Amino acid sequence: MTNYSAQSIEVLDGLDPVRKRPGMYTDPCNPNHIAGEVIDNSVDEALAGFASKMDICVYEDGSFSVQDDGRGMPIDDHPDYGISGVELILTKLHSGAKFNRDNYAFSGGLHGVGVSVVNALSSRVQVIVQRQGICVEFNFHEGACVSKAELKPNFLKQRGTFLRFWPDARYFDEVHFDTSQIIQNLHAKAMLCPGLAVNFKDEIRKIEKTWCYQSGMNDFLLNQVKDRQLIVDEVIGSHFEGEGAFAQWALIWGEHGELPQSSYVNLIPTPQGGTHVNGLRVGLYDAIREFVELRDLMPKGLRLKADDVCLNLGFILSLKLQEAHFVGQTKQKLITAQAQQWVQACVKSHMVLWLNKNVESAGLLVESIIENARLRMRKSKLIERKRVVSGPQLPGKLIDCSSKNLDETEIFLVEGDSAKGTVRQARDRINQAILPLRGKILNTWEVDSVEILNSQEINDISVAIGLVPGVDSLQGLRYGKICILADADSDGLHIATLLCALFLKHFPRLVREGHLYVAMPPLYRIDINKQVFYVSSDAERDRVLNEYAGKKANVMRFKGLGEMSPEQLRETTIKPGGRKLVQISMPDEQLAVGVLDRLLAKKNVSERRSWIENNADLVGQS
């Protein structure tokens, strides 16, 4: 625009910023995150000691509701804005009662945008509040309050808040809720909030569940690892309260393989960890190193590292913090600096005490940790020998980027040399690298981490990203995002599955800390009049065609990445902002391992065949 003046400046009012850029406020894959915002509001009431019960329902019409028996949202008029507290909270960003500590000592909502984002991204919201003998119903349509009516008292049969919303399909890739994820989240909330009764009902899938734990963190962790061989049979757990903070943890070590690890801040899951998890790891390392050095247990020439201590560790860490700061609105990672030092001191103090009171169990634990250190040293020497033979050079087919900043760099693992040229023209050469792969890689699910480097393709991946398989460390990582980019067909999905299995099995920390992504190129281009739609599935194609039924539509199916022009690939798949990039996470690591074991393990051929036969009719269903 050549005529750039003050008139060119656009100001977004009310809820418009959320609708304009929903990805800045929520996860646009599905409405689970906005459902979590409503759930967290009710949990905050329980944290504050005002609620003892939550009822959650997924309705047949696709709506979602949460009801609690807390104090109820304010229904009186705000002195400055002249509208009720409910209307203010749902229609104004950055409004709420959690900016100070008068109403909530600890809370998950800190930005004042949670439930207003729900309203912004819903076609309809219904709120019923009962408090102080008064019951009022509010109805919102596309963000605006359209009706307010007083109901008979005891409409809710108790005090509290009932909120039901209908997600707007315009703002989500998939408008249906991922019930399994919600169930897991609610189960954890009940486990972490003693005495809170959580009732869940899904009318679509005919599921009903109830949880209530008086003190359940230890039992919850033991139940998660009930089929695993443990080094120490008991759960090592404790809690500590300080000024403005409360930490509780449960720890357990297994003989082999990884155990589930989960962390929470103010009952909100933090799948990418953060400063509180760093504090736990360092606190355990400090305590065990001190114990080992005091008793001179470390073999000569061997040095302990934090990764050795945490290699077979399973834990639940729950931190309640008055001033919690997260990365982004989705709150997947804590960045409060003081949390690390505080958690580290608390965990170290308790662990030192436990080690010295339980010397026999401590000996078994330390012996296992020292063996982890020996294994690390052997792998390190093997890798060094391999590097001497093959040289430290980066793979010749790697098309690198110029930036070295992990916060902005990403590498695309691209299926086939034929697509390399298109991706190369579509990428941003400053921060986007490309490593073309030749067809399907080795199935590494049942192969030792040292042996997989015999595969040239996997060795190239390892060298390109700067990490060694089987070594639980991200030191040397060359790119902040590892992006799998394969064709949007069955072969492409197979390749993406093999790559996901490679990273989950041999680079699990990379996945655990949120560095692995799958790019979702479109499967179809649909031209209707002058409008162009790129869709990633048959279901999306049918939805667009039904929406524009009666209008002439030209549908083109992409057979592969190489068939797309660089401009098309850039706008739909490569360029941040327009692309669909799915982050691979493991909220339930044991479940993820079980699924891939069923898909890829040679020992499960008969089970896999049976599963395919029983579920073949689901092919093509969304």
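The first residue in the sequence is number 1, and the count goes up from there. Model, not experiment: these values are computed from the prediction.
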Could you tell me whether a side-chain N or O of [X] sits under 3.5 Å from a main-chain N or O of [Y], the two making a donor and an acceptor?
X: Asp487; Y: Leu561; answer: yes
X: Asp202; Y: Ile204; answer: yes
X: Arg478; Y: Ala464; answer: yes
X: Arg570; Y: Gln425; answer: yes
X: Gln583; Y: Gly514; answer: yes

Could you tell me whether [X] and [Y] make a salt bridge, using a distance below 4.0 angstrom between a side-chain N and a carboxylate O?
X: Asp428; Y: Lys575; answer: no
X: Glu142; Y: Arg170; answer: yes
X: Lys397; Y: Glu457; answer: yes

At what distance, to the nearest 0.5 angstrom, does [atom1] of [X] lie from [atom2] of [Y]?
X: Phe165; Y: Asn119; atom1: CZ; atom2: CG; value: 11.0 Å
X: Ile34; Y: Leu121; atom1: CD1; atom2: CG; value: 5.5 Å
X: Met564; Y: Ile574; atom1: CE; atom2: CD1; value: 9.0 Å
X: Ile434; Y: Ile399; atom1: CD1; atom2: CD1; value: 4.5 Å
X: Asn431; Y: Lys404; atom1: CG; atom2: NZ; value: 12.0 Å
X: Ser462; Y: Phe507; atom1: OG; atom2: CZ; value: 4.5 Å

Does any non-hydrogen side-chain atom of Thr91 lie less than 4.5 Å from one of Phe140?
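The answer is yes; the side chains approach within 4.5 Å.
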Taking the inter-plane angle between the rings of Tyr548 and Phe533 on a 0 to 90° scale, is it parallel (under 30°), tilted (30 to 60°) or perpendicular (over 60°)?
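Plane angle between 30° and 60°, so tilted.
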Of all heavy-atom pairs between [X] and [Y], which one has the smallest distance, and what is that distance?
X: Thr444; Y: Leu502; result: OG1-CA, 3.5 Å
X: Lys189; Y: Val43; result: CD-CG2, 4.0 Å
X: Pro469; Y: Ile452; result: CB-CD1, 3.6 Å
X: His141; Y: Ser123; result: ND1-O, 3.4 Å
X: Ala519; Y: Thr573; result: CB-CG2, 4.0 Å
X: Leu313; Y: Gln261; result: O-NE2, 2.7 Å

Walk me through whether Leu591 and Gln184 qualify under side chain to side chain contact (heavy atoms under 4.5 Å, CB included).
CA-CA 11 Å; Leu591 176 63; Gln184 182 183 346; 5.7 Å; no
Do we see a donor-acceptor contact under 3.5 Å between the side chains of [X] and [Y]?
X: Thr275; Y: Thr336; value: no
X: Ser403; Y: Asn405; value: no
X: Asp460; Y: Gln456; value: yes
X: Asn32; Y: Gln181; value: yes

Should the heavy atoms of other residues, nucleotides or ligands under 6.0 Å from [atom1] of [X] be counted, would the total exceed 12?
X: Glu567; atom1: CD; result: yes
X: Arg557; atom1: CZ; result: yes
X: Lys440; atom1: NZ; result: yes
X: Ile430; atom1: CD1; result: no

Test side chain to side chain contact (heavy atoms under 4.5 Å, CB included) applied to Thr270 and Gln332, Lys333, His276, the passing residue:
His276
Kindly confirm or rule out a cation-pi arrangement of Arg164 over Tyr59, judged by NZ or CZ under 6.0 Å from the six-membered ring centre and within 45° of its axis?
yes
Between Ile465 and Leu435, is a side chain to side chain contact (heavy atoms under 4.5 Å, CB included) present by the stated rule, with each step listed?
CA-CA 10 Å; Ile465 67 177; Leu435 181 66; over 6 Å; no
Contact list for residues 493-514, test salt bridge (charged side-chain N to carboxylate O under 4.0 Å, His left out), sequence neighbours left out:
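Counting only pairs at least two positions apart or across chains, the salt bridge (charged side-chain N to carboxylate O under 4.0 Å, His left out) contacts touching residues 493-514 are Glu258-Arg512, Asp307-Arg509, Arg509-Glu513, Arg512-Glu589.
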Mind listing the side-chain donor-acceptor pairs of residues 490-498 below 3.5 Å, one per line with the distance, residues two or more places apart or on another chain?
from, atom 1, to, atom 2, distance (Å)
Thr497, OG1, Leu493, O, 2.8

Of all residues at least two apart in sequence or in a different chain, which pass the side-chain hydrogen bond (donor to acceptor under 3.5 Å, both in side chains) check with Ser180?
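Applying side-chain hydrogen bond (donor to acceptor under 3.5 Å, both in side chains) to Ser180 gives Asp178.
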